Visitor: 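Sharing a structure here in structure tokens format.
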Amino acid sequence: DEEWSQIGLAMARSIGDYAVKSVGVIAEPVVSFHDLHENDTFLILATDGVWEFISSAEAVNIVAKHLHKGATKACQILIETAAAKWHDEEGDYRDDITALVIRVQDLFKPQDTK
């Protein structure tokens with residue numbers, strides 16, 4: 001509101017933000033676990049702006065197709081794809097789009113202990 005008297009929603013602070021629980025913010029995060037294995041190549045961490053119009057399978061396909069260009073480039077293409085889909089569906093409006101692509105295969109290589 002014009003007086004700035006209402007509590008607003010800033011997604012960066014929504015986890016643990018019990019003050020906005022009454023308007024639907026889930027203050028307790030949903031957490032899941034996955035054990036990494038040698039055949040895992042990368043991990044995608046992304047905000048809901050990515051997942052609104054892109055399925056997990058589609059995101060994996062996008063990143064896998066472009067990972068040879070580097071994790072940063074693959075992530076950039078994922079974000080650009082999400083932004084384009086927002087534009088197609090919502091016009092000039094879009095939610096925040098944040099993503100990380102993390103290459104995990106190097107975690108399983110023997111480390112030099114010298």
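As the structure is a prediction and not an experimental result, all values here were calculated from the model. Any value given below was found using the heavy atoms of this structure, including those in side chains, with hydrogens, waters and symmetry copies removed.
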Visitor: Are Ile102 and Leu36 in one and the same hydrophobic cluster, where Ile, Leu, Val, Met, Phe, Trp and Tyr link if side-chain heavy atoms are under 4.5 Å apart?
Guide: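 In one cluster: yes.
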
Visitor: With sequence neighbours left out, write down each residue that passes ring pair (Phe, Tyr, Trp, His ring centres under 6.0 Å) with Trp86, or none if nothing qualifies.
Guide: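 With neighbours one apart ignored, the set is Phe53, Tyr93.
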
Visitor: Would you give the length of the straight line joining atom OG1 of Thr81 to atom CD of Gln76, rounded to the nearest 0.5 angstrom?
Guide: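 Answer rounded to 0.5 Å: 10.0 Å.
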
Visitor: Heavy atoms, side chains only, cut-off 4.5 Å: are Val101 and Leu67 in contact?
Guide: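 Yes, side chains in contact.
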
Visitor: With sequence neighbours excluded, give me every side-chain hydrogen bond (donor to acceptor under 3.5 Å, both in side chains) pair touching residues 49-60.
Guide: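 Listed by first then second residue: Glu58-Lys85.
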
Visitor: How would you list, by chain and number, every residue that makes a side chain to side chain contact (heavy atoms under 4.5 Å, CB included) with Thr98, sequence neighbours excluded?
Guide: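 Thr98 satisfies side chain to side chain contact (heavy atoms under 4.5 Å, CB included) with Thr47, Asp96 once adjacent residues are dropped.
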
Visitor: To the nearest 0.5 Å, how far apart are SG in Cys75 and CD1 in Ile62?
Guide: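 The distance works out to 11.0 Å.
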
Visitor: Once side chain to side chain contact (heavy atoms under 4.5 Å, CB included) is applied, do any residues pair with Lys65, and if so which ones, sequence neighbours excluded?
Guide: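 Per chain and number, Lys65 pairs via side chain to side chain contact (heavy atoms under 4.5 Å, CB included) with no residue.
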
Visitor: Please tell me if the side chains of Ile44 and Val50 come closer than 4.5 Å, counting only heavy atoms from C-beta onward.
Guide: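 SC-SC contact between Ile44 and Val50 ruled out.
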
Visitor: CG of Asn61 to CD1 of Ile54: how many Å apart, nearest 0.5 Å?
Guide: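 That separation rounds to 11.0 Å.
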
Visitor: List in chain and number order the residues that pass salt bridge (charged side-chain N to carboxylate O under 4.0 Å, His left out) with Glu90, two or more places apart in sequence or in another chain; answer none if no residue qualifies.
Guide: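 By the salt bridge (charged side-chain N to carboxylate O under 4.0 Å, His left out) rule, Glu90 matches no residue at all.
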
Visitor: So which atom in Arg103 and which in Gly70 form the shortest heavy-atom distance, rounded to 0.1 Å?
Guide: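 Minimum heavy-atom separation between Arg103 and Gly70: NH1-CA, 4.1 Å.
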
Visitor: Considering all heavy atoms of both residues, which atom of Thr41 and which atom of Gln105 are nearest to each other, and what is their separation?
Guide: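 Thr41 and Gln105 have their closest heavy atoms at O-OE1, 2.7 Å.
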
Visitor: Angle class for the His37/His34 ring planes (parallel below 30°, perpendicular above 60°, tilted otherwise)?
Guide: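 The arrangement is perpendicular - the two ring planes meet at more than 60°.
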
Visitor: With sequence neighbours left out, which residue pairs that include part of residues 68-82 fulfil the salt bridge (Lys or Arg N to Asp or Glu O under 4.0 Å) condition?
Guide: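 As it turns out, there is no salt bridge (Lys or Arg N to Asp or Glu O under 4.0 Å) pair with a partner in residues 68-82 once direct neighbours are skipped.
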
